[in-house]
Asks: 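Please see the structure below; I have some questions.
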Amino acid sequence: MKILVSILMLIFFPFFTVFVSLLPAEQLFGIEYEVRVINGFTNNSSLPLVIWCASKDGDIGGRALQEHDDFSWPVKTNFWITTTTSQFSCTVKLDRTRKSFDAFKVPRDIYRCSALRKCSWLVMEDGFYFSDDEVNWKKDFSW
């Protein structure tokens with residue numbers, strides 16, 4: 001039995017070493033994304049956009065955003081391309097209007113945020129816009 005285990009280890013170890021050496025270093029140590037929510041309202045100087053974000057592990061925090069202010073935080077995946085929490089949800093409130101949304105969701109966002117590792121949200125009067133480069137915005141949903 002000891003001989004069989006030794007032979008299997010001698011075969012497995014070189015293949016594992018080659019596999020790990022072929023992976024990009026960032027995947028071995030995790031890929032970090034920046035999640036950013038921007039107040040894109042054009043005239044709410046007297047009333048801030050209030051945002052509060054959390055994951056299943058706890059609160060990320062909240063802010064009262066004036067025009068063009070933002071709230072951002074890093075999200076880092078691990079070797080298995082997951083995070084300790086796979087979803088970061090935010091609730092945005094302006095006066096009496098309130099909307100909750102997933103600001104970062106691993107299965108969805110590791111692909112659509114991958115180029116620059118940015119997941120940006122622009123909250124405007126008519127809805128929530130997503131961008132991975134903060135140049136090209138696409139409306140994801142309305143209030």
Side-chain angles (χ1 to χ4, degrees), residues 4-143:
L4 180 61
V5 170
S6 297
I7 291 171
L8 287 174
M9 289 300 291
L10 285 173
I11 293 170
F12 173 75
F13 186 72
F15 283 109
F16 179 76
T17 304
V18 169
F19 171 75
V20 168
S21 68
L22 293 175
L23 289 174
E26 63 192 17
Q27 188 169 338
L28 281 174
F29 302 110
I31 300 171
E32 188 168 289
Y33 296 88
E34 178 190 5
V35 181
R36 185 173 181 217
V37 181
I38 304 163
N39 178 350
F41 279 78
T42 55
N43 190 14
N44 73 321
S45 57
S46 63
L47 189 64
L49 182 70
V50 178
I51 181 170
W52 192 271
C53 300
S55 69
K56 72 175 183 175
D57 290 338
D59 284 340
I60 297 168
R63 302 281 186 283
L65 305 176
Q66 296 298 330
E67 291 176 29
H68 309 293
D69 282 349
D70 69 281
F71 178 48
S72 62
W73 66 94
V75 175
K76 189 169 185 175
T77 62
N78 59 23
F79 176 77
W80 307 110
I81 309 178
T82 61
T83 62
T84 55
T85 56
S86 60
Q87 187 171 331
F88 295 84
S89 298
C90 296
T91 299
V92 178
K93 181 179 171 268
L94 183 68
D95 198 16
R96 294 180 185 191
T97 306
R98 182 182 300 235
K99 180 76 172 181
S100 294
F101 72 103
D102 294 329
F104 188 85
K105 195 173 184 177
V106 170
R108 177 192 70 191
D109 292 330
I110 60 171
Y111 299 107
R112 76 176 186 169
C113 303
S114 63
L116 298 173
R117 297 188 186 108
K118 286 183 137 194
C119 298
S120 300
W121 293 93
L122 182 64
V123 182
M124 298 184 71
E125 290 87 351
D126 67 332
F128 291 66
Y129 291 78
F130 176 82
S131 176
D132 65 350
D133 61 6
E134 294 188 5
V135 174
N136 302 300
W137 296 93
K138 181 181 176 241
K139 187 174 180 180
D140 247 28
F141 51 90
S142 299
W143 276 91

Asks: Locate the shortest heavy-atom distance separating Glu32 from Arg117; write the atom from each residue and the value.
Replies: O-CD, 3.3 Å
Asks: Going through the distances and angles, do Phe104 and Trp73 end up as a ring-ring contact (aromatic ring centres under 6.0 Å, His included)?
Replies: CA-CA 11 Å; Phe104 188 85; Trp73 66 94; 8.8 Å; no
Asks: Tell me the closest heavy-atom pair linking Phe71 and Cys53, and the distance in Å.
Replies: CE2-SG, 3.8 Å
Asks: Arg112 vs Asp140, test: salt bridge (Lys or Arg N to Asp or Glu O under 4.0 Å). Steps then yes/no.
Replies: CA-CA 13 Å; Arg112 76 176 186 169; Asp140 247 28; 3.4 Å; yes
Asks: Is Val123 close to Val37 at the side-chain level, that is, under 4.5 Å between some pair of heavy atoms?
Replies: yes
Asks: What's the verdict on side-chain contact (heavy atoms from CB on, under 4.5 Å) for Ile60 and Trp52, showing C-alpha distance, side-chain angles and the deciding distance?
Replies: CA-CA 8 Å; Ile60 297 168; Trp52 192 271; over 6 Å; no
Asks: Considering all heavy atoms of both residues, which atom of Val75 and which atom of Phe88 are nearest to each other, and what is their separation?
Replies: CG1-CE1, 3.7 Å
Asks: In terms of the angle between their ring planes, are Phe141 and Phe128 parallel, tilted or perpendicular, with boundaries placed at 30° and 60°?
Replies: parallel
Asks: Between the side chains of Glu67 and Thr42, does any donor sit under 3.5 Å from an acceptor?
Replies: no
Asks: Quick one, Phe101 with Ser89, criterion side-chain contact (heavy atoms from CB on, under 4.5 Å). Give me CA distance, side-chain angles, the key distance, then yes/no.
Replies: CA-CA 6 Å; Phe101 72 103; Ser89 298; over 6 Å; no
Asks: Check the pair Phe130 / Trp137 against ring-ring contact (aromatic ring centres under 6.0 Å, His included), numbers first and verdict last.
Replies: CA-CA 5 Å; Phe130 176 82; Trp137 296 93; 7.9 Å; no
Asks: Is the closest side-chain heavy-atom distance between Pro74 and Lys76 below 4.5 Å?
Replies: no
Asks: Just wondering, more than 12 heavy atoms not from Arg108 lying within 6.0 Å of its CZ?
Replies: yes
Asks: Got Arg98 and Thr91 here, is their nearest side-chain heavy-atom distance under 4.5 Å?
Replies: yes
Asks: Give the minimum heavy-atom separation between Trp121 and Asp102, together with the two atoms involved.
Replies: CZ2-O, 3.7 Å
Asks: Taking Asp59 for its side chain and Gly61 for its backbone only, find out whether a donor-acceptor pair lies under 3.5 Å.
Replies: no
Asks: Roughly how far, to the nearest 0.5 Å, is the CD atom of Glu34 from the SG atom of Cys119?
Replies: 9.0 Å
Asks: Quick one: do Asp109 and Lys118 make a salt bridge, cutoff under 4.0 Å?
Replies: no
Asks: Quick one: side chain to side chain contact (heavy atoms under 4.5 Å, CB included) partners of Asp69, sequence neighbours excluded?
Replies: Leu65, Gln66
Asks: Given the rule in the side-chain contact (heavy atoms from CB on, under 4.5 Å) test, do Leu94 and Val50 qualify, once you have shown the distances and angles that lead to the verdict?
Replies: CA-CA 6 Å; Leu94 183 68; Val50 178; over 6 Å; no
Asks: In the structure I gave you, are the side-chain heavy atoms of Ile51 and Lys93 within less than 4.5 Å of one another anywhere?
Replies: no
Asks: Let's go through Asp132 and Leu116 carefully: what are the C-alpha distance in whole Å and the side-chain angles of both, what is the deciding distance for side-chain contact (heavy atoms from CB on, under 4.5 Å) to 0.1 Å, and is it a yes or a no?
Replies: CA-CA 7 Å; Asp132 65 350; Leu116 298 173; 5.9 Å; no
Asks: Backbone N or O of Ser72 within a donor-acceptor pair of the Arg63 side chain at under 3.5 Å?
Replies: no
Asks: Measuring from Ile38:CD1 to Asp70:CG, what's the distance to the nearest 0.5 Å?
Replies: 6.0 Å
Asks: Specify the closest pair of heavy atoms between Gly40 and Glu125, including all atoms of both residues, with the distance to one decimal.
Replies: O-OE1, 4.3 Å
Asks: Rounded to the nearest 0.5 Å, how far apart are NZ of Lys99 and OG of Ser142?
Replies: 8.0 Å
Asks: If only side-chain N and O atoms count, and only distance matters, is there a donor-acceptor pair under 3.5 Å linking Asn136 with Ser131?
Replies: no
Asks: Check side chain to side chain contact (heavy atoms under 4.5 Å, CB included) between Asp126 and all other residues, then give those that pass, not counting sequence neighbours.
Replies: Met124, Tyr129, Lys139
